Number of protein chains: 2
Amino acid sequence: MSDTVRPREEVSIADVAERAGVSVATVSRVLNGHTNVREATRERVLEAVASSGYRINELARNLRTAESRLLLTMVPDFGNPFYAAIVRGIDSVARQNGYFMLLCDTGADPLRERSYFDLLRGRRADGAICLDPAAVQKALAEESSALPWVACCEFDPAAGVPYVGIDNHLAAGDVVRYLTAKGHRRIALINSGHGYLYGRQRLAGYRDALKDAGIEPNPAWLIELDSLDYDAGERAAAQLAALGDARPTAAFAVSDTLAIGVMNGFRGAGFSVPDDVAVVGFDDIAVAAHVDPPLTTVSQPMQLLGETAAELLLKRLRDPRAEVPGVLLPHRLIERRSA
Amino acid sequence: MSDTVRPREEVSIADVAERAGVSVATVSRVLNGHTNVREATRERVLEAVASSGYRINELARNLRTAESRLLLTMVPDFGNPFYAAIVRGIDSVARQNGYFMLLCDTGADPLRERSYFDLLRGRRADGAICLDPAAVQKALAEESSALPWVACCEFDPAAGVPYVGIDNHLAAGDVVRYLTAKGHRRIALINSGHGYLYGRQRLAGYRDALKDAGIEPNPAWLIELDSLDYDAGERAAAQLAALGDARPTAAFAVSDTLAIGVMNGFRGAGFSVPDDVAVVGFDDIAVAAHVDPPLTTVSQPMQLLGETAAELLLKRLRDPRAEVPGVLLPHRLIERRSA
DNA sequence: CTGAAAGCGCTAACAG
DNA sequence: CTGTTAGCGCTTTCAG
């Protein structure tokens with residue numbers, strides 16, 4: 001038998017055409033759902049496709065149509081669960097619009113990020129969404145602002161690259177105001193993320209809100225970390241706990257992982273949360289509700305952040321010269337028992 | 001000025017050739033680092049490349065060379081931190097060998113997984129590594145065992161698809177033996193993952209080890225969940241805690257997330273871990289060492305699992321008819337304070 | 001409604 | 001060392 005579903009070798013559109021006794025143009029037409037093909041012919045072609053086990057070579061199609069229908073999402077750290085819901089939001093919008101979304105783990109490394117952008121430059125992907133630290137994006141924005149990409153969560157408002165994120169300054173202020181309303185005056189900030197926009201913005205929000213409350217912040221309450229690890233948070237708490245009379249009664253950590261570490265650290269130093277010290281986190285990752293005590297934190301609309309980023313990108317793809325705006329989405333303070 | 005680094009329009013290899021006053025073949029040669037080009041010519045070409053802002057169109061190159069240098073990794077759940085280190089292992093090997101690795105979040109959905117496999121079929125990726133549940137892989141293995149892919153963690157030994165994983169049966173037995181050695185006789189298993197091979201294997205390992213220890217397992221000690229959520233673990237613990245005299249003194253959960261939930265659940269029911277009930281998890285995810293009490297768990301060599309998977313795939317890519325073996329890697333019981 | 005022919009942008013013989 | 005010439009497998013005018 002010469003007919004088999006198993007493609008013995010590479011069967012091309014020409015083979016299918018020959019089998020069906022038509023031209024390659026006609027095969028292409030039925031493959032692409034064009035209507036100007038007689039029904040009988042269409043069936044003959046479909047039959048030939050099936051019996052030959054033909055698979056379209058998308059590489060060739062992409063070369064011809066000059067698009068890949070691939071979108072890239074760059075995340076600085078695949079292990080950080082914070083990104084999961086955002087990615088899901090991006091993926092669902094991409095998929096609904098006939099695009100594949102593929103993830104790139106850049107490790108927040110400018111060189112690796114750059115190499116993934118080369119996929120864009122080389123036409124292997126149509127567009128990208130970048131979640132990398134603003135500092136890492138910066139160089140990119142200068143040399144590649146013409147490329148079809150948008151920034152998500154982290155961005156440089158001045159870079160001319162479309163973005164979506166939240167108002168970190170306001171969110172940090174909300175946390176401080178929540179804490180002062182509960183009577184706290186000695187509030188520590190455990191900050192992190194060199195090169196991250198959110199770090200700078202939350203610090204500013206913290207400072208401004210303290211000032212508005214007439215509180216002079218003690219420099220010892222501000223801890224700048226270079227990690228989001230549980231360990232780092234633990235060490236920060238130990239440091240704070242050793243402050244004696246100047247010890248803060250509340251601590252605001254810029255991520256939930258850090259906040260969980262902070263709680264452990266205080267507990268290790270013999271303090272109880274929230275009685276001796278209140279702890280607030282940021283992000284509302286899944287585990288936040290399941291630690292003891294459950295963590296009070298700020299939640300970002302992660303799914304929506306992702307969906308919006310994807311929509312901005314698609315808009316830019318549809319019309320490269322469209323004015324795509326920067327958009328800020330609302331956050332929400334989730335009150336649980338740690339503060 | 002007509003010379004500018006900014007590519008006004010799409011500049012192709014022909015444009016560069018014209019600029020440099022050579023043929024496209026010569027441009028291609030210097031682009032691909034062939035040595036048979038006179039130094040002066042090479043420089044002229046490089047100069048033309050730079051001044052024109054030329055970027056090779058990889059789509060065209062890929063079509064011509066019939067490879068994309070793209071590898072896909074399919075994960076069932078991007079939000080599960082368990083996969084992070086594995087993915088990093090895959091990525092590092094891929095990168096060292098000149099491949100890009102891109103991630104696909106399949107949501108353990110056979111249809112979505114299938115659509116990603118279409119990228120392979122359509123030549124848009126050269127190979128894939130699949131971390132999806134064995135049950136989801138099954139259909140794939142039947143229709144696509146000829147495609148260049150390997151299974152990681154989850155696999156069907158009989159499918160003829162190369163795989164790498166651990167000996168889950170042995171690992172579960174190790175946990176039970178560890179617990180019986182500490183005097184436990186009433187040991188619960190909180191299992192999960194319909195369609196996951198690891199679930200079936202760990203259950204078998206648990207049963208066999210109990211039998212070897214002369215323990216008749218109480219059916220009430222076996223809880224089958226359909227989730228790995230903290231919540232699910234919490235509910236399982238509540239159920240176990242309500243068992244009265246038949247209440248187990250130890251619980252083995254097949255994932256750390258579940259185990260953390262279990263600890264919370266027992267605590268919520270007024271029991272202390274490990275004094276009233278010992279808890280063991282599986283995976284050794286980052287947070288496992290940072291809960292209270294720190295979780296005793298089984299660690300898998302995640303980075304190595306990923307690296308090995310990538311190497312198997314590369315071997316298969318280099319020689320499509322090579323016999324690629326299935327490999328099992330060693331696990332390790334990490335003793336902390338929860339059991 | 002269908003076919004012939006011209007490329008998409010690149011690489012790889014094959015000549016010289 | 002360099003240029004000419006064929007395509008890779010597909011889509012898309014342009015004719016008929």
Side-chain angles (χ1 to χ4, degrees), chain A residues 7 9-46 48-49 52-70 98 118-126, chain B residues 7 9-46 48-49 52-70 98 118-126:
Chain A
E9 277 318 308
E10 296 322 336
V11 16
S12 77
I13 196 171
D15 303 329
V16 176
E18 192 181 0
R19 238 173 220 263
V22 299
S23 72
V24 294
T26 300
V27 177
S28 175
R29 286 191 188 99
V30 344
L31 253 26
N32 290 287
H34 295 189
T35 48
N36 50 349
V37 177
R38 192 150 41 101
E39 191 48 31
T41 314
R42 167 184 314 281
E43 272 168 21
R44 206 136 38 83
V45 169
L46 257 19
V49 167
S52 64
Y54 169 70
R55 272 265 146 196
I56 196 167
N57 182 328
E58 316 247 13
L59 232 40
R61 166 184 281 180
N62 291 343
L63 173 61
R64 188 55 230 235
T65 60
E67 64 169 11
S68 66
R69 311 290 302 179
L70 251 41
D118 282 341
L119 290 173
L120 269 193
R121 294 199 209 6
R123 306 289 142 71
R124 283 138 56 89
D126 290 346
Chain B
E9 276 316 309
E10 296 323 335
V11 16
S12 76
I13 196 170
D15 302 330
V16 176
E18 191 181 1
R19 236 174 222 264
V22 299
S23 73
V24 294
T26 301
V27 177
S28 175
R29 285 190 189 101
V30 344
L31 253 27
N32 290 288
H34 295 189
T35 49
N36 48 349
V37 178
R38 193 152 40 100
E39 190 49 30
T41 313
R42 166 183 313 280
E43 272 167 22
R44 207 136 37 82
V45 169
L46 257 18
V49 166
S52 64
Y54 169 71
R55 270 268 150 193
I56 196 166
N57 182 328
E58 316 247 12
L59 233 39
R61 167 185 282 180
N62 291 343
L63 174 60
R64 187 56 229 233
T65 59
E67 63 170 11
S68 67
R69 312 292 300 180
L70 251 41
D118 282 342
L119 289 174
L120 268 193
R121 288 189 246 278
R123 304 290 140 73
R124 281 134 61 84
D126 290 345

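No experiment lies behind these values; they were computed from the predicted model shown. Every chain is numbered from 1, with letters handed out A, B, ... down the list of sequences. These numbers come from the heavy atoms of this one structure, side chains and all, not from hydrogens, waters or symmetry mates.
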How about B:R123 and A:N62: does a side-chain donor come under 3.5 Å of a side-chain acceptor? no
Please figure out whether B:T41 or B:T65 has its closest DNA chain D nucleotide nearer the 5' end. B:T41
Measuring to OP1 and OP2 of C:dC8, would you say a side-chain N or O of A:N62 lies under 4.0 angstrom away? no
D:dC10 C1' sits how many Å from A:R69 CZ, rounded? 17 Å
Just the rounded figure in Å: distance from C1' of D:dG9 to CZ of B:R124. 14 Å
If I take atom CD1 in residue A:I56 and atom C1' in nucleotide D:dC8, what distance separates them, rounded to the nearest angstrom? 14 Å
Between C1' on C:dG9 and CD on A:E67, what's the gap in Å once rounded to a whole number? 17 Å
So, for A:Y54 and A:I13, which heavy atoms are closest and what is the spacing to 0.1 Å? CE1-N, 3.6 Å
Relative to the 5' end of DNA chain C, which residue comes earlier, B:A25 or B:L59, by the nucleotide with the nearest heavy atom? B:L59
A:V24 has a side chain; which of C:dT2, C:dA5, D:dC1 sits nearest to it? C:dA5
At under 4.0 Å, does any side-chain N or O of A:S12 touch on OP1 or OP2 of D:dG9? no
For B:T26 and D:dT2, is the shortest distance between a side-chain N/O and OP1 or OP2 below 4.0 Å? no
Closest to the side chain of A:L63, out of D:dG9, D:dG3, C:dT2, is D:dG9
B:R124 bridged to B:D118 by N-O distance under 4.0 Å: no
Classify B:L31 by what it touches in the nucleic acid, base, sugar-phosphate, or nothing, heavy-atom distance under 4.0 Å. nothing
Rounded to whole angstroms, how far apart are NE2 on B:H34 and P on C:dC10? 15 Å
Assess whether one donor atom and one acceptor atom, taken from the side chain of B:R64 and the base of D:dG7, lie less than 3.5 Å apart. yes
Compare the minimum distances between each of D:dT11, C:dT11, D:dG9 and the side chain of B:I13, then state the nucleotide with the smallest one. C:dT11
Looking at B:S23, I'd like to know whether one of its side-chain N or O atoms comes within less than 4.0 Å of OP1 or OP2 on D:dG3. yes
Side-chain donor/acceptor of A:R29 to base of C:dG3, under 3.5 Å: yes
Among D:dT11, D:dG9, C:dT11, the one nearest any side-chain atom of A:A60 is D:dG9
Does B:E67 CD have over 12 foreign heavy atoms under 6.0 Å away? yes
Please state whether the phosphate of D:dC8, meaning OP1 or OP2, lies under 4.0 angstrom from any side-chain nitrogen or oxygen of A:N57. no
side-chain N/O A:R61 vs D:dT11 OP1/OP2, d < 4.0 Å: yes
For the residue pair A:A17 and A:V24, what are the closest heavy atoms and their distance? CB-N, 3.7 Å
